[in-house]
Amino acid sequence: MDYSLAALKLLCSQLKQVGEVASQNSFTLGGLLFQRVWLQGVLVSVSDTGSLLLDDGTGLIELSLTGEFRQRSWQLGMYVMVVGGYVARAGELPMIKIHKIVDLSSSPDREAMWYLEVIEAYKMFYQPLVEEFT
């Protein structure tokens, strides 16, 4: 994992537009090269196997938990922030191999603020590069 590449703040719907760069083990969104993503949403499925489903309002993504994250008590309806390696899988939901997951359920207006953050990041940083390569 190349940690010099930023984790992009995205929505699940935007992940449908990414392309894979197999030679660099990474993905592109327009001209943005990335390996990790940063998403927020509601847990809609929780399993004992270390797999969760997150719904961000625009789509679903599977979360793969390892190590200490499996030991925590994750519950349906929790609003969480996740950062991790993006994995595109043919015929299956995309997945994030979690590096960081935080329960934000107690934060008021968290979901509305997240959408504003994603819009701001896109307009300020991502859009110029995306438009340059489309």
Side-chain angles (χ1 to χ4, degrees):
M1 184 72 50
D2 183 353
Y3 289 98
S4 68
L5 295 175
L8 299 186
K9 289 182 175 182
L10 297 173
L11 301 173
C12 288
S13 61
Q14 291 173 297
L15 292 171
K16 295 175 184 172
Q17 302 167 16
V18 303
E20 190 167 0
V21 183
S23 63
Q24 296 180 337
N25 195 26
S26 57
F27 300 89
T28 60
L29 178 63
L32 293 164
L33 189 66
F34 71 96
Q35 293 176 325
R36 298 175 302 132
V37 294
W38 177 346
L39 283 88
Q40 291 185 19
V42 177
L43 296 180
V44 295
S45 176
V46 177
S47 79
D48 295 335
T49 63
S51 177
L52 309 172
L53 271 184
L54 181 128
D55 183 344
D56 75 347
T58 70
L60 297 172
I61 192 159
E62 185 175 340
L63 308 178
S64 176
L65 303 178
T66 58
E68 71 178 74
F69 298 128
R70 283 188 175 191
Q71 309 306 317
R72 296 191 191 162
S73 178
W74 304 107
Q75 299 171 5
L76 292 177
M78 283 181 149
Y79 186 86
V80 296
M81 178 272 294
V82 296
V83 177
Y86 179 68
V87 179
R89 305 180 301 174
E92 295 183 69
L93 287 176
M95 181 172 64
I96 299 176
K97 292 183 178 179
I98 299 300
H99 299 158
K100 181 176 184 174
I101 181 169
V102 178
D103 179 11
L104 300 176
S105 299
S106 63
S107 301
D109 302 322
R110 64 209 180 266
E111 194 166 3
M113 293 302 295
W114 174 245
Y115 288 123
L116 293 174
E117 283 183 46
V118 174
I119 290 167
E120 180 182 48
Y122 186 83
K123 287 188 179 265
M124 289 183 68
F125 305 111
Y126 311 158
Q127 189 174 21
L129 290 171
V130 169
E131 289 176 353
E132 183 179 323
F133 284 87
T134 55

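What you see is a predicted model; the values in this text were computed from it and never measured.
Considering every non-hydrogen atom in both V42 and G77, the closest pair reads CG1-CA, 3.7 Å. S26 approaches Q35 most closely through the heavy-atom pair CB-CG, 3.5 Å. The shortest non-hydrogen separation linking S105 to M78 is OG-CA, 3.4 Å.
Atom CZ of R89 sits about 4.5 Å away from atom CD of E62, to the nearest 0.5 Å. Distance OH/Y115 to CD/Q40: 10.0 Å, rounded to 0.5 Å. Distance CD1/I101 to CG/L39: 11.5 Å, rounded to 0.5 Å. For the atom pair CG of L93 and CG of L15, the computed distance is 11.0 Å after rounding to the nearest 0.5 Å. To the nearest 0.5 Å, the span separating CE on M81 from CZ on R110 amounts to 14.0 Å.
The backbone N or O of C12 lies less than 3.5 Å from a partner atom in the side chain of T58, making a donor-acceptor pair. With D56 contributing its side chain and L11 its backbone, the two residues share no donor-acceptor pair below 3.5 Å. Listed for the R36 side chain is no donor-acceptor partner under 3.5 Å among the backbone atoms of V83.
The number of heavy atoms from other shown groups lying within 6.0 Å of CG (N25) does not exceed 12.
Contact annotation: the side chain of D2 never approaches that of Q24 to less than 4.5 Å [non-hydrogen atoms, C-beta and beyond]. Using a 4.5 Å cut-off on side-chain heavy atoms (C-beta onward), I98 and L52 make no contact. Residues W38 and K100 form no side-chain contact, since every pair of their non-hydrogen atoms from C-beta on lies 4.5 Å or further apart. Side-chain contact between L29 and L10 is present, with at least one heavy-atom pair separated by less than 4.5 Å. Using a 4.5 Å cut-off on side-chain heavy atoms (C-beta onward), L54 and I96 make no contact. Taking 4.5 Å as the limit, every side-chain heavy atom of T66 sits out of range of all side-chain heavy atoms of K97. In this structure, L43 and L63 have side chains that are in contact, with non-hydrogen atoms separated by less than 4.5 Å.
Hydrophobic clustering (side-chain heavy atoms under 4.5 Å, transitive across Ile, Leu, Val, Met, Phe, Trp, Tyr) groups L32 together with V18. Residues F125 and L8 fall within the same hydrophobic cluster, defined by Ile, Leu, Val, Met, Phe, Trp and Tyr side chains chained together at heavy-atom separations under 4.5 Å. Hydrophobic cluster membership is shared by M124 and F34, with clusters built from Ile, Leu, Val, Met, Phe, Trp and Tyr side chains linked at under 4.5 angstrom. With hydrophobic clusters built from ILVMFWY side chains whose heavy atoms lie under 4.5 angstrom apart, F69 shares a cluster with V37.
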Query - side chain to side chain contact (heavy atoms under 4.5 Å, CB included) assessment of W114 paired with L104 - result: CA-CA 11 Å; W114 174 245; L104 300 176; over 6 Å; no
Report task. Evaluate side chain to side chain contact (heavy atoms under 4.5 Å, CB included) for R72 paired with L65, printing each intermediate quantity in order. Result -> CA-CA 10 Å; R72 296 191 191 162; L65 303 178; over 6 Å; no
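Remark: Y122 engages no residue in a ring-ring contact (aromatic ring centres under 6.0 Å, His included) (not counting sequence neighbours).
Looking at T49 and S51, their side chains never bring a donor and an acceptor atom within 3.5 Å of each other.
Residues in residues 70-97 take part in these ring-ring contact (aromatic ring centres under 6.0 Å, His included) pairs, two or more places apart or across chains: F27-Y86.
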